[in-house]
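I have placed the structure first, in the form of structure tokens, so that the comments after it can refer back to it.
So you know, we letter chains A, B, ... as the sequences are listed, proteins then strands, and number each from 1.
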Amino acid sequence: ARVSAIAAVLLATAIGLVLLRRRLARAPAPRAETWGCGFAAPTARMQYTASSFAEMLVGRFSWALAPRATLHAPRNPFPTEALFASHVPDTVLDRLLLPATRAAGRLSALLRPILLQPLIHLHVALLVATLVLILAWRFLA
Amino acid sequence: MASLTDSVFILVVVLDLFLLSSSRLNAAIRGVALQGALLSALPPLISTSEHDTAHTLLLAVGALLIKAVAIPWLLFRAIREAAIRREMEPVVGFVPSMILGAAGIALAFVLSRGLPLPSAGQHAFIVPTALSTVWTGLLLVVARKKAVTQVMGFLVLENGVFVFGMLLTGIMPTMIEAGVLLDLFVAVFVMGIVMFHINREFSSLDTAKLSTLKD
Amino acid sequence: MILRAILQVGLLLLLPPLLPGVVSRVKARFAGREGPPLLQLYFDLSKLLRKGTVYSRTTTWVFRAGPVVGLAAIATAGLVVAVAGERALVAFTGDFILFAYLLGLARFATALAALDTGSSFEGMGAAREVTFASLAEPALFLVLVVLARATGTLSLSGMLGPGLATAWGHAAPALVLAAFSLFVVALAENARIPVDDPNTHLELTMIHEVMVLDHSGPDLAFILYGASLKLFLFGAIFTRLVLGFRFESLLAAEAAFVLGLLGFAALVGVVESAMARLRLVRIPQLLVGASVLSVFAMVLLLG
């Protein structure tokens, strides 16, 4: 209940501040350029991206995340083009689960000609073996 | 004054953490010197009335002179003569070594209550501090590349052994501790001479380069 | 009761702008200058409230909501902080988590507003601020956990209240280490040297200042007041932690608290004058060092 009281105070303060700001402003606010650090003609491509935002943290944990980056650095005094792209693959999925499932697929491809022959006594033998194992488990555990 | 002794022990452990995290050689050597000075103040604080006061004071002053004055002076001179760069080069980075050191210190404090050591009753912090300092010394030897920092690691290791010796002041005479100090003094002296020679031969004190000897 | 509540809210709302004035004055005196007047931030705030606002063409409602949500969150966080050793206005078990996350909400709003402008400069500041905050928050929580363990309660009012005096009696070294860690966290969260330089406006060295470059008029007033309020909250906890003893009368407690708070601001000024800003790669080491000190304090308390 106290937490809801605090949340209510938070909302009320926020709304109060918005109303205060609206009352203080006499004329509608003019529009201007964003601070571009002195660059004269910024375009939408020059804005801050998500990978730049995460770069510091990803670098600190690069031993776990293993980011991949492609870089064509600008050369020569008047470079024509340059490229940088970075990409963080999903570590557990790409490095652990997918290779594991691929290995399991290969293993089953090897076993398939052995196990799926139309031999009834082979299938029955497998069934009996599994049943014996389950019964023995109950007595061993 | 039990709490003053406890504060000294805690300050020694805090200095351990500082040594693991500092990246400049000068600050680290001063930290080791301060740790030595703190430890040399321990015999007068811990000794009970059955010890000879003059002996204890002599031991304390001797330890102070050697740990806090002579050995750091030797190390500073070694740095100046060999013109070593002022930064420590880590094999294990500073943050991982700090975390490892903290983990070792925490383990030392938790596990030392189970160790059956004599006369640890009135000063409960002796054994954990000793274990932590030994662990820090070993970590410094393993985790840094320069030979100077390995000497510092040995110094910190000896500080830890010195704190262990505090446990036995009631049982063994204090002369044994003076002997340990003298041993180390000779060891550091020899190491200093070895470092001069290494530097003269290879013009660098990076121990990774010693493996080029085999070509 | 009502008097106590009014006194607490009054202190919370009126005192904060004095603290940056004290810090600037101490820094100026260290440099041999006279320095700005102590009440400078009050004058700045009233001037900014009267000015008009200019918005950038690239911003949306997120940018306008940023300062408002930030100030509201910090002011609400002030409700759970125990001022001068009395019970906070709203106190319950686990309110320190609410405190930490309200401050986190304020930081989130400011960073979002900075990213909304689309300027790479401000985005860089937001990235740095968020990365360092992710390291400072465990340190803050560890300090609060050490306090909780030492006093045996899980509420900020209990941690900073009458139980603190007995805690100092039997766990003094751990509390000294926790106070040191808390000071480092306070420097980091309030963008002070050695983590950030509040005076420089160079790309190399800015973290917090960069995020608020585009705000103007009342928005900037909200941001500046919110920053001083955050400094006040951290100073309140630190002062109460250091001056742990009980006071007999309400007036003596409040007077000691205000004096302690001014001392905290002076200490911040001294640290700012004596040190240089650390390189960006060293700041994680500093914050991890503060966390490790708190862990050591916790180990001392466990024994």
Side-chain angles (χ1 to χ4, degrees), chain A residues 1-65 67 82 84 86 88, chain C residues 49-59 64-65 67-77 79-80 89-95 98 102 105 109 111 114-128 130-132 134-135 203 210 213-214 216-219 221-222 280 284:
Chain A
R2 307 253 179 95
V3 184
S4 339
I6 296 228
V9 168
L10 177 66
L11 266 179
T13 321
I15 294 178
L17 285 173
V18 170
L19 291 176
L20 171 70
R21 188 169 60 184
R22 204 165 289 180
R23 216 169 59 91
L24 284 172
R26 278 166 223 103
R31 303 292 222 140
E33 293 295 328
T34 307
W35 180 264
C37 194
F39 196 75
T43 65
R45 277 188 59 208
M46 291 183 216
Q47 68 176 329
Y48 211 63
T49 60
S51 60
S52 327
F53 189 75
E55 182 211 344
M56 282 183 92
L57 268 179
V58 166
R60 178 142 281 275
F61 290 108
S62 60
W63 46 272
L65 291 174
F84 177 79
S86 86
V88 178
Chain C
L49 283 175
R50 275 178 269 139
K51 279 191 160 190
T53 337
V54 176
Y55 288 116
S56 157
R57 273 184 216 112
T58 52
T59 59
R64 285 159 232 226
V68 167
V69 173
L71 181 56
I74 299 181
T76 320
L79 288 182
V80 299
L89 286 171
V90 182
F92 51 93
T93 313
D95 58 6
L98 185 65
L102 276 174
L105 178 66
L115 285 174
D116 190 43
T117 63
S119 155
S120 46
F121 204 23
E122 299 179 24
M124 172 200 80
R128 285 180 187 170
V130 163
T131 311
F132 295 147
S134 69
L135 291 167
E203 175 183 345
V210 147
L213 271 181
D214 252 31
S216 50
D219 284 343
F222 292 163
L280 275 183

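Qualifying side-chain contact (heavy atoms from CB on, under 4.5 Å) partners for A:Leu57, counting only residues two or more places apart in sequence or in other chains: A:Phe61, C:Thr131, C:Ser134.
Per-residue heavy-atom pair counts under 4.5 Å with chain A were compared for C:Ala75, C:Ala65, C:Pro284, C:Gly217, and the maximum is reached by C:Pro284.
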Under 3.5 Å, which donor-acceptor pairs do the side chains of residues 5-22 of chain A form with other protein atoms, sequence neighbours left out?
{"from": "A:Thr13", "atom 1": "OG1", "to": "A:Val9", "atom 2": "O", "distance (Å)": "2.5"}
{"from": "A:Arg21", "atom 1": "NH1", "to": "C:Arg64", "atom 2": "O", "distance (Å)": "3.0"}
{"from": "A:Arg21", "atom 1": "NH1", "to": "C:Asp219", "atom 2": "OD1", "distance (Å)": "2.3"}
{"from": "A:Arg21", "atom 1": "NH2", "to": "C:Arg64", "atom 2": "O", "distance (Å)": "3.0"}

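The two residues A:Ser52 and C:Ala127 make their nearest non-hydrogen contact at O-CB, 4.3 Å.
Around CZ of C:Arg57, the count of heavy atoms belonging to other residues, nucleotides or ligands within 6.0 Å exceeds 12.
With rounding to the nearest 0.5 angstrom, the CE atom of A:Met56 is 9.5 Å from the CE atom of C:Met124.
At a 4.5 Å heavy-atom cutoff, the contact between C:Ala91 and chain A is made by backbone atoms alone. Of the atoms belonging to C:Leu49, heavy atoms from both backbone and side chain fall under 4.5 Å from chain A.
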